[in-house]
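Data block below; observations after.
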Amino acid sequence: MLTPAQEQIIAATAPVVAEHLDTITQRFYPLMFERYPEVKSLFNQTHQQNGGQPRALAGSILAYVQVRQNPETARHIMETVVNKHISLDIQPHQYPIVGECLMEAIGEVLGDAVTPEVADAWGALYQELAALLIELEEQRYQEFEQRLGGWRSTRRFRIEKIQQESSVIRSFILVPEDGGPVANYTPGQYIGVKLMIDGEPVHRHYSLSGMPDGRSYRLSIKREPHGLASRYFHDHLNVGDTIELLPPAGEMTLVPGDEPLLLVSGGIGQTPLLPIAQEALQQGRKVAYLHAAIDAEHRAFATTLQELAHAYPQQLSVVTVFEQDDSGDYQGRISDELLAKHIVSGERCYFVGPHGFMSAVDESLTRLGVPETHRHFEHFGPAKALDIA
């Protein structure tokens, strides 16, 4: 707990730290990777290079400083961080590494402004944040471990089946190597994956694209031309191979209620929305499912959606938008006019896809009067504001 003097120092110096926080986090990661190379595998280096990870860290720190006086709000706002940490198996002994390197980065960037008193105050603030995250993460680890079919840390799964979903997307059906049951999850969540590529550990997380069934998990992965992990899945893994999985996580799940849903996806953004649609249909809710792809060859899950439309003809409407061919329901891009045709009063809107796609959809929904409380989205990489280019 911070002393009154430390509280005053944080209040006085927070604007200065906030002003330089991007520079601090950009210095922090190279410093940490140099001193502690064993943690580098926990981070997607593409997100390091494009600045996504440093911006996400800076945003989390600023958000915590602003809400820390309200414990419930602080716990809620840290939920995204906790979920990402669960999917990476972050442990308490790793927090001092971050604290050491973060405080040194602050000192390097701010120089003489970081007096011993200022350093102590910000060090105490970091310890407070670390203690909160450790507590929340331990609760989640214990809860999942105690479920039927749950586990702690990693568990090895075998590839039982591979399905080609589109020209660039494959589904991998995974069953536990130990033959035991598989813990259920909430549709819309993702799961952490630990791979060994060229003798080096690589961590990623992928949406669970199927409904829970107690025996397997399904990951549907797009082959990215420069994606280390996605190319490994597509080019090297076969039926019978094994990988390690971590507990499912993620907060973009179906909000309880009976409101109709508008689900809008771009490309691989379908993966969390398809199980959300299936869960909502089973609950008797109406679903408008809009999917944008480059063309028909890039569209995944066409057969699954046809089967759902046949099973729920009064509840589900499926709309395809292809950018480069006219074989879908619309050609071009999702527009205000198209969204307006499928929005009804009180509807909840979920949208996932590339960052620019989500920004455009969010702006359209705002113009169409959908309140922020009814707009739900998720980033596949580090979280960032949709208005950031």
* To do: Ignoring hydrogens and angles, state whether a donor on the side chain of E100 or Y36 is under 3.5 Å from an acceptor on the partner side chain.
  => yes
* Asked: E244 and T154: side-chain donor and acceptor closer than 3.5 Å?
  -> yes
* **Salt-bridge present (R348, E259; N to O < 4.0 Å)** => yes
* Asked: Any donor-acceptor pair under 3.5 Å linking the side chain of H234 with the backbone of I221?
  -> yes
* Asked: Can you tell me if S209 and T271 form a side-chain donor-acceptor pair at under 3.5 Å?
  -> no
* Asked: E160 and V239: side chain to side chain contact (heavy atoms under 4.5 Å, CB included), yes or no, with the steps?
  -> CA-CA 6 Å; E160 181 183 61; V239 170; over 6 Å; no
* Basic-acidic side-chain contact under 4.0 Å: D235, R223 -> yes
* Should the pair E165-R299 be classified as a salt bridge under the 4.0 Å nitrogen-to-oxygen rule? -> no
* Between the main-chain N or O of F28 and the side-chain N or O of T25, is there a donor-acceptor pair closer than 3.5 Å? -> no
* Asked: Is the backbone N or O of P225 less than 3.5 Å from a side-chain atom of R231, with the two atoms forming a donor-acceptor pair by type?
  -> yes
* Expected output: side-chain R170 to main-chain I162 donor-acceptor under 3.5 Å -> no
* To do: Take F377 and F351 through the ring-ring contact (aromatic ring centres under 6.0 Å, His included) test and state the conclusion after the steps.
  => CA-CA 5 Å; F377 60 91; F351 50 99; 5.5 Å; yes
* To do: Apply side chain to side chain contact (heavy atoms under 4.5 Å, CB included) to the pair R285 and L281, showing each step before the final yes or no.
  => CA-CA 5 Å; R285 298 167 74 164; L281 291 169; over 6 Å; no
* **Within one Ile-Leu-Val-Met-Phe-Trp-Tyr cluster: Y350 and Y289, side-chain cutoff 4.5 Å** => yes
* Asked: Between Q189 (side chain) and G250 (backbone), is there a donor-acceptor pair under 3.5 Å?
  -> yes
* Report yes or no: does D213 contribute a side-chain atom to a donor-acceptor pair with the main-chain N or O of S216 at less than 3.5 Å? => yes
* To do: Have a look at Q142 and tell me which of R140, Q139, E138 forms a side-chain hydrogen bond (donor to acceptor under 3.5 Å, both in side chains) with it.
  => E138
* CZ/R152: more than 12 non-hydrogen atoms of other groups inside 6.0 Å -> yes
* So, are R75 and E79 salt-bridged, with charged N and O less than 4.0 Å apart? -> no
* Treat each ILVMFWY residue as a node, draw an edge where side-chain heavy atoms are under 4.5 Å apart, and state whether I90 and F33 are in one component. => yes
* Under 3.5 Å, is there a donor-acceptor pair linking the side chains of T80 and E251? -> yes
* Heavy-atom neighbours of D198 CG exceed 12 at 6.0 Å -> no
* Hey, can you tell me if F233 and Y206 have their rings parallel, tilted or perpendicular (30° and 60° cut-offs)? => perpendicular
* H310 atom NE2, over 12 foreign heavy atoms within 6.0 Å -> no
* **Salt-bridge criterion met for R68 and E128 (N-O under 4.0 Å)** => yes
* Could you please spell out the steps behind the side chain to side chain contact (heavy atoms under 4.5 Å, CB included) verdict for D295 and E323? => CA-CA 6 Å; D295 52 34; E323 186 175 350; over 6 Å; no
* Would a hydrophobic clustering, with Ile, Leu, Val, Met, Phe, Trp and Tyr connected at side-chain separations under 4.5 Å, put V202 with V193? -> yes
* Asked: Should we count CD of E337 as having more than 12 external heavy atoms under 6.0 Å?
  -> no
* Asked: Ion pair present between R375 and E347, side-chain N to carboxylate O less than 4.0 angstrom?
  -> no
* Output yes when a side-chain donor or acceptor of Q146 lies under 3.5 Å from a complementary backbone atom of E143, and no otherwise. => no
* Check for a donor-acceptor pair, side chain of S167 on one end and backbone N or O of E297 on the other, with a separation under 3.5 Å. => yes
* To do: Given salt bridge (charged side-chain N to carboxylate O under 4.0 Å, His left out), test R27 with E104 step by step and report yes or no.
  => CA-CA 9 Å; R27 174 61 188 128; E104 181 147 339; 6.0 Å; no
* Do V65 and L110 belong together in a cluster built from hydrophobic side chains that touch within less than 4.5 Å? -> yes
* To do: Give a yes or no on whether the backbone of N238 and the side-chain of D241 come within a donor-acceptor separation of less than 3.5 Å.
  => yes
* Asked: Which is it for E177 and R158 under the salt bridge (charged side-chain N to carboxylate O under 4.0 Å, His left out) test, yes or no, and what are the steps along the way?
  -> CA-CA 5 Å; E177 188 178 47; R158 175 176 55 82; over 6 Å; no
* Where the side chain of Q91 meets the backbone of H93, is there a donor-acceptor pair that is under 3.5 Å apart? -> no
* Pair H291, S265: side-chain N/O donor-acceptor within cut-off below 3.5 Å -> yes
* Asked: Does L262 share a hydrophobic cluster with Y330, counting links as ILVMFWY side-chain heavy atoms below 4.5 Å and allowing steps through other members?
  -> yes
* To do: Could you tell me how the ring of Y217 sits relative to the ring of W151: parallel (under 30°), tilted (30 to 60°) or perpendicular (over 60°)?
  => tilted
* Worked check of side chain to side chain contact (heavy atoms under 4.5 Å, CB included) between L261 and K286 -> CA-CA 6 Å; L261 303 183; K286 289 191 174 182; over 6 Å; no
